[in-house]
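Quick note on labels: first sequence line is chain A, next is B, and so on, each numbered from 1.
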Amino acid sequence: MRIHCPYCGERPAEEFTFQGDADVRRPQGNEPSQMDEWFDYVYLRENPRGRMKEYWHHSGGCRSWLIVERDTDSHEVFGVTAARERKLSPQRKRAS
Amino acid sequence: MTYSVFSLLKNAVTGHKNWAPAWRDPAPKPAYDVIIVGGGGHGLATAYYLAKVHGITNVAVLEKSWLGSGNIGRNTTIIRSNYLFPGNNPFYEWSMKLWEGLEQDFNFNAMVSQRGVLNLYHSDAQRDAYARRGNAMHMHGVDAELLDEQGVRDMYPFFNFDDARFPIRGGLLQRRGGTVRHDAVAWGYARGADSRGVDVIQNCEVTGIRIEKGVVKGVETNRGYIACNKLGLAAAGNSSEVAKMAGLKLPIESHVLQAFVSEAIKPFIDGVVTYGAGHFYVSQSDKGGLVFGGDIDGYNSYARRGNLPTVEHVIEAGVSMIPAISRVRVLRSWGGIMDMSMDGSPIIDKTDVKGLYLNAGWCYGGFKATPASGWCFAHTIAKDEAHKLSAAYRLDRFKRGFAIDEKGMGAQPNLH
Ligand SMILES: Cc1cc2nc3c(=O)[nH]c(=O)nc-3n(C[C@H](O)[C@H](O)[C@H](O)COP(=O)(O)OP(=O)(O)OC[C@H]3O[C@@H](n4cnc5c(N)ncnc54)[C@H](O)[C@@H]3O)c2cc1C
Ligand SMILES: [Zn+2]
């Protein structure tokens, strides 16, 4: 598996550290009424077979956080963007 | 037919041409009392104990491929009950007790071999952690021995004791641990279930789950709709995808774990040894091959093959622990999909859908659990309540704050 880092170019996967699903959303606030949202965020995962957006850290390179879109069945990488460039509205639910 | 010395002799004189198939190949019936999704070790063991212990025999096990094609036929066959936490230890010890009587119980040679499992330690802190674990095991009535360096040298003089980074200082030994022939476990349970009336149906993939007013009605499959009163999911690495068919989202990520076998060599390692610090473990099969593996690759995957960096890492770790194997050639490598749960512990439970039961989250350690998992899951399905040995494995434990995190890694599945 090779990942194309937007800063460093195509690099072998072992230079990167996998963090997980990039579509989970940290809830805003921590009211008791939001515990279900927190539970969902911390513990539940879509875990799709097929296309998935993931956080990878270029820990053995430029140390940027990246969003890698990848197929979990074939390991094909479709695209990589810098995580900091992602625009999220705070209320946004999961990306579909 | 019962297998015995006499059946062996009788079939030997006729050239082994007249053995009856070990189980039937039935077509699905329109309806069953219980359907189990997944003909791996856990699904088959569940069906076996449903029939044998609970007398529920109108049961089908639906397997999308052939029996043993999943993790039951891909694992490195290690069994042990060296767990630390109260929710885990009695469960795994019951599994060990079932292993000890399994071959007689289901009349099949599963080559249960209690050759000992040794976990190496390399520092004072690790020794203390193992002493604690060994004491916890003793308190649950489980055997454990803490070895010092000399104790390990006596067993395996050819290990690299003076490695600069991870010198071997001793180990925690469970002599009752060992290995079992994995395919034979699937075959033995399948045969035992089949002979009690269970339909083991291969090449039957579940593609949908029919639920009406919160009650399970049946499953859609590539061989048509099949109705049932109760539905048990035991799909291991594919659990999230199957649970989605019932609208459930699980605390699970699927990850690939690789394993390897070398060319056959003369008897060399007579037990199972784990080198956790280096991410490597090894045993030797009866055919002489070294069977070894390490950690999961670390990224979500449904592909039953991994990538080369892990291969390289596992082999490097192996050679650093046992320099003598550096010229042994690797024969094969393969991968299986692990249902990595958020706390590294499994789930055996009912769900909010009436008649729907879940068995999942076994991570890379579910082979040893096969008998107890089947035992407890069958109880849960038959009685509609948790078995006391699996009472800690409830699905809602994460929400209630009762995660069972042996490794203390938190909700990061690739670290368990
Ligand atoms: C390389 C490797 C090494 C391992 N080493 C060990 C070890 O040493 N000790 C240990 O204790 N554990 C080990 N494990 C873990 C252990 O193998 C698993 O935890 C355990 O086998 C999972 O339970 P199972 O046998 O029921 O799974 P499986 O055999 O995977 O059974 C699940 C079945 O469900 C079927 N299925 C999935 N979806 C559907 C569907 N929609 N319809 C119908 N059928 C479906 C699959 O085809 C599969 O056959 C290892 C795993 C791997 C991959
Ligand atoms: Zn980079």
Side-chain angles (χ1 to χ4, degrees), chain A residues 1-3 10-27 30 32-61 65-78 80 93-94 96, chain B residues 235 237-245 247-256 295-313 316 335 337-343 345 347 360-361 395-403 405 409-416:
Chain A
M1 217 157 52
R2 285 168 171 273
I3 293 173
E10 190 175 80
R11 307 296 305 164
E14 64 264 40
E15 283 187 7
F16 299 80
T17 308
F18 179 83
Q19 206 275 326
D21 191 337
D23 277 334
V24 290
R25 293 283 167 274
R26 193 174 201 276
N30 52 7
S33 61
Q34 288 177 294
M35 281 307 121
D36 280 354
E37 277 175 60
W38 275 97
F39 168 62
D40 196 290
Y41 165 69
V42 177
Y43 289 115
L44 299 185
R45 294 293 177 266
E46 215 59 61
N47 192 22
R49 177 192 281 267
R51 270 186 192 245
M52 177 177 180
K53 284 201 183 114
E54 307 164 331
Y55 286 123
W56 289 73
H57 186 219
H58 197 183
S59 45
W65 278 100
L66 307 173
I67 296 174
V68 177
E69 190 167 0
R70 202 176 56 96
D71 189 313
T72 60
D73 220 2
S74 66
H75 296 165
E76 183 182 352
V77 175
F78 302 112
V80 185
K93 289 266 155 50
R94 302 186 55 84
S96 55
Chain B
N238 207 34
S239 290
S240 295
E241 290 288 311
V242 175
K244 255 176 227 170
M245 299 173 192
L248 300 181
K249 190 169 157 191
L250 301 181
I252 285 176
E253 282 181 8
S254 295
H255 285 259
V256 58
D295 276 348
I296 55 177
D297 274 33
Y299 44 83
N300 281 40
S301 176
Y302 282 89
R304 293 197 274 197
R305 60 191 159 72
N307 274 286
L308 282 171
T310 306
V311 177
E312 202 176 3
H313 180 88
E316 277 173 3
I337 300 308
M338 313 286 74
D339 38 348
M340 299 299 297
S341 69
M342 284 288 173
D343 61 355
S345 297
I347 296 154
L395 180 54
D396 66 358
R397 68 174 180 270
F398 302 95
K399 204 171 210 168
R400 289 184 291 117
F402 285 88
D405 192 342
M409 288 300 182
Q412 185 67 33
N414 64 343
L415 300 182
H416 285 293

Pick one of side chain, backbone, both or neither for [X], based on which atoms fall under 4.5 Å of a heavy atom in chain B.
X     : answer
A/Y43 : both
A/P48 : both
A/M52 : side chain
A/Q19 : both
A/W56 : side chain

Can you tell which part of [X] gets under 4.5 Å to a heavy atom of chain A, answering side chain, backbone, both or neither?
X      : answer
B/N300 : both
B/R305 : both
B/I252 : both
B/D343 : neither

(request) Provide the closest heavy-atom pair for B/A411 versus A/V42 in the form atom of the first, atom of the second, distance. (result) CB-O, 3.6 Å
(request) State, to 0.1 Å, how close A/L44 and B/P251 come at their nearest heavy-atom pair, and which atoms those are. (result) CD2-N, 3.8 Å
(message) With rounding to the nearest 0.5 angstrom, report the CD to CD distance, A/E46 to B/E253.
(response) 12.0 Å
(request) Rounded to the nearest 0.5 Å, what's the gap from OG1 on A/T72 to NE2 on B/H255? Could you check? (result) 10.5 Å
(request) Pick whichever of A/F39, A/F18, A/W38 has the most heavy-atom pairs under 4.5 Å with chain B. (result) A/F18
(message) Which one wins on heavy-atom pair count under 4.5 Å against chain A: B/P309, B/G410, B/S341, B/S239?
(response) B/P309
(request) Tell me, out of B/H313, B/Q412, B/K399, B/K244, who's got the most heavy-atom pairs with chain A below 4.5 Å. (result) B/K399
(message) Keeping B/N307 on the side-chain end and A/M1 on the backbone end, is there a donor-acceptor pair under 3.5 Å?
(response)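 Yes; judged by distance alone, with no hydrogens or angles, the pair exists.
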(request) Would you please say whether a donor-acceptor pair under 3.5 Å links the side chains of A/R49 and B/N238? (result)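 Checked: A/R49/B/N238 side chains pair up, N/O donor to acceptor below 3.5 Å.
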(message) So for atom CZ, which belongs to A/F78, do other residues, nucleotides or ligands contribute more than 12 heavy atoms lying within a distance under 6.0 Å?
(response)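 Yes, because the 6.0 Å sphere around CZ of A/F78 holds more than 12 heavy atoms from other groups.
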(message) Taking salt bridge (charged side-chain N to carboxylate O under 4.0 Å, His left out) as the definition, give me every residue that meets it alongside B/D339, ordered by chain and number, with sequence neighbours left out.
(response) none
(request) Using a 4.5 Å cut-off on heavy atoms from C-beta on, say whether the side chain of A/D40 contacts that of B/K249. (result)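 Side chain of B/K249 against side chain of A/D40, heavy atoms only: contact under 4.5 Å found.
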